[in-house]
Amino acid sequence: MKIFRLEVPQWEQFDGLIHGFLGRFDGRSRPANGPFRLSCDNADDPQAVKRNWCELKQALGLPRITIITAKQLHGDTILKISHANDKQAGVGDGLMTNVPDLCVGVVAADCVPLLFVEPARKIAAAVHAGWRGTAAGIAPRAVTLMRETYGVDPAALHVAMGPSIGPCCYEVGPEVEAQIGANWSKELTHAWKPDGAKGRLDLRALNEAQLLGAGVPRPQIQKIGPCTACNVDTYFSYRTEGRNGHQLSFIGWRS
Ligand SMILES: [Zn+2]
């Protein structure tokens, strides 16, 4: 099994950190009705999903690391993970943890996967931000919750955004601009370009602006990988393909 995995070059210095932004598995060779799925949210066979997880962790060389995900609903709920009991932690679009040998993960197919790390205290978080989650401010919410829960200084946080749909392909209507602009008009300035009756949204630029506002230093915010919709050989893209599959992004620390 071939796995396409991006890591953040700036994070090589963090000893014991495990992370990755994954691409699609086995390229497009799987049959159209059987893509490599990691969630049971769309009536997938639970046994097949379980096998996929096993196969994935073997291929990553992480057979004994638990990767915990949640049922994502494009909201702003962030779950605190304190033990490895349940592989699907509940309903939420973000997960944070300070437990070693446990990774938190989100899946996405165009939406922005964000990984957060505080290297001194070995805290990690993963967040899924589509336009709805971004409008709800889920990334700055993660910064706030990591401060309240673990005492993390926002200035000590490093954040990376993975492959997601770029402004080249992300045309949205004025209703989206209005909903985001209701709370984030300043942040939207450099992330929105009018294009006829619609506009082009740069979700990663918008999340970066929100993170800067939350106190994360600019040099500690990275954007990794290309536009998913331009690169469907490597990444699932909901815009391009519809409901076909998701790529996983995950992060955690070894003990
Ligand atoms: Zn594109």
Side-chain angles (χ1 to χ4, degrees), residues 1 3-25 36-41 49-72 77-109 111-129 133 138-139 142-143 145-146 149-150 152 157-164 222 224-225 235-236 245-255:
M1 179 187 183
I3 287 216
F4 190 82
R5 174 181 181 179
L6 289 177
E7 291 176 276
V8 185
Q10 289 85 348
W11 292 1
E12 264 174 37
Q13 54 173 321
F14 302 146
D15 222 15
L17 181 69
I18 314 163
H19 76 286
F21 295 104
L22 304 185
R24 46 195 314 151
F25 307 102
F36 194 96
R37 301 290 307 245
L38 291 171
S39 80
C40 302
D41 296 350
V49 169
K50 201 174 167 191
R51 277 199 304 275
N52 285 348
W53 274 105
C54 271
E55 203 183 323
L56 171 69
K57 290 200 293 177
Q58 289 288 349
L60 286 169
L62 301 169
R64 272 178 280 281
I65 297 286
T66 302
I67 302 177
I68 298 189
T69 57
K71 184 169 171 54
Q72 300 173 193
T77 300
I78 294 169
L79 305 166
K80 177 186 170 188
I81 307 300
S82 306
H83 44 75
N85 283 359
D86 194 355
K87 287 192 178 152
Q88 268 232 342
V91 174
D93 284 84
L95 307 94
M96 57 185 183
T97 192
N98 62 350
V99 181
D101 295 328
L102 180 160
C103 284
V104 287
V106 290
V107 296
C111 296
V112 183
L114 296 103
L115 300 179
F116 294 68
V117 64
E118 201 277 66
R121 314 256 313 276
K122 303 203 168 179
I123 314 275
V127 163
H128 158 255
I138 189 167
V143 175
L145 283 176
M146 291 173 86
T149 309
Y150 305 118
V152 169
L157 272 175
H158 297 249
V159 186
M161 289 177 257
S164 43
Q222 316 298 335
I224 303 293
Y235 297 103
F236 290 111
H246 296 98
Q247 41 261 350
L248 175 74
S249 304
F250 64 96
I251 189 161
W253 290 89
R254 286 186 196 280
S255 54

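All values reported here derive from a predicted model rather than from experimental measurement. Just so you know, these numbers use all the heavy atoms, side chains as well, and skip hydrogens, waters and symmetry mates.
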Item to check | Minimum heavy-atom distance between A126 and L115, given as atom pair plus value | outcome: CB-CD2, 3.8 Å

Item to check | Side-chain donor or acceptor of Q72 paired with backbone N/O of V107 under 3.5 Å | outcome: yes

Checklist entry - Minimum heavy-atom separation for A89 to I81, with atom names? => result CB-CD1, 3.4 Å

Next on the checklist: Checking Q58 now: which residues fulfil side-chain contact (heavy atoms from CB on, under 4.5 Å) with it, not counting sequence neighbours?
Outcome noted: P63

Item to check | Gap separating the CD1 atom of I224 from the CD atom of Q10, nearest 0.5 angstrom | outcome: 6.0 Å

Checklist entry - Is a donor on one side and an acceptor on the other found under 3.5 Å between the side chain of S164 and the backbone of G162? => result yes

Checklist entry - Shortest non-hydrogen contact from P163 to F21? => result CD-CB, 3.9 Å

Checklist entry - With a 4.5 Å heavy-atom cut-off, do L22 and L60 have their side chains touching? => result yes

Using residues 248-255 as the side-chain source, report each donor-acceptor pair under 3.5 Å to any protein atom, sequence neighbours left out, with the distance given to one decimal.
residue, atom, partner, partner atom, Å
W253, NE1, I123, O, 3.4
S255, OG, D101, OD2, 2.7

Item to check | N/O donor-acceptor pair under 3.5 Å between R5 side chain and H19 backbone | outcome: yes

Checklist outcome for this item: Output for pair (I67 CD1, I65 CD1), nearest 0.5 Å, gives 8.0 Å

Item to check | Rounded distance (nearest 0.5 Å) linking atom OG1 of T77 with atom CD1 of I138 | outcome: 7.5 Å

Checklist entry - Any side-chain heavy atom of V106 sitting closer than 4.5 Å to one from V127? => result no

Item to check | With V99 via side-chain contact (heavy atoms from CB on, under 4.5 Å) - residues at least two apart | outcome: T97, L102

Next on the checklist: Minimum heavy-atom separation for I68 and H83, please, with both atom names.
Outcome noted: CD1-O, 3.7 Å

Checklist entry - If you draw a 6.0 Å radius around CD in Q13, do more than 12 non-hydrogen atoms from other residues or ligands fall strictly inside? => result yes

Checklist outcome for this item: Rounded to the nearest 0.5 angstrom, the CD1-CG distance for I78 and L145 is 5.0 Å

Next on the checklist: Check whether Q247 reaches the backbone of F236 with its side chain - one donor and one acceptor, N or O, closer than 3.5 Å.
Outcome noted: yes

Item to check | Derivation and outcome, ring pair (Phe, Tyr, Trp, His ring centres under 6.0 Å), residues H158 and F14 | outcome: CA-CA 11 Å; H158 297 249; F14 302 146; 5.0 Å; yes

Checklist outcome for this item: CE (M161) and CZ (F116) are apart, to the nearest 0.5 Å, by 8.5 Å

Next on the checklist: Please report the interatomic distance CD(E118) to OH(Y150), rounded to the nearest 0.5 Å.
Outcome noted: 11.5 Å

Next on the checklist: Restricting to non-hydrogen atoms, name the atom on M146 and the atom on M96 that form the minimum distance, rounded to 0.1 Å.
Outcome noted: CG-SD, 3.9 Å

Item to check | Shortest non-hydrogen contact from C111 toward A108 | outcome: O-CB, 3.5 Å

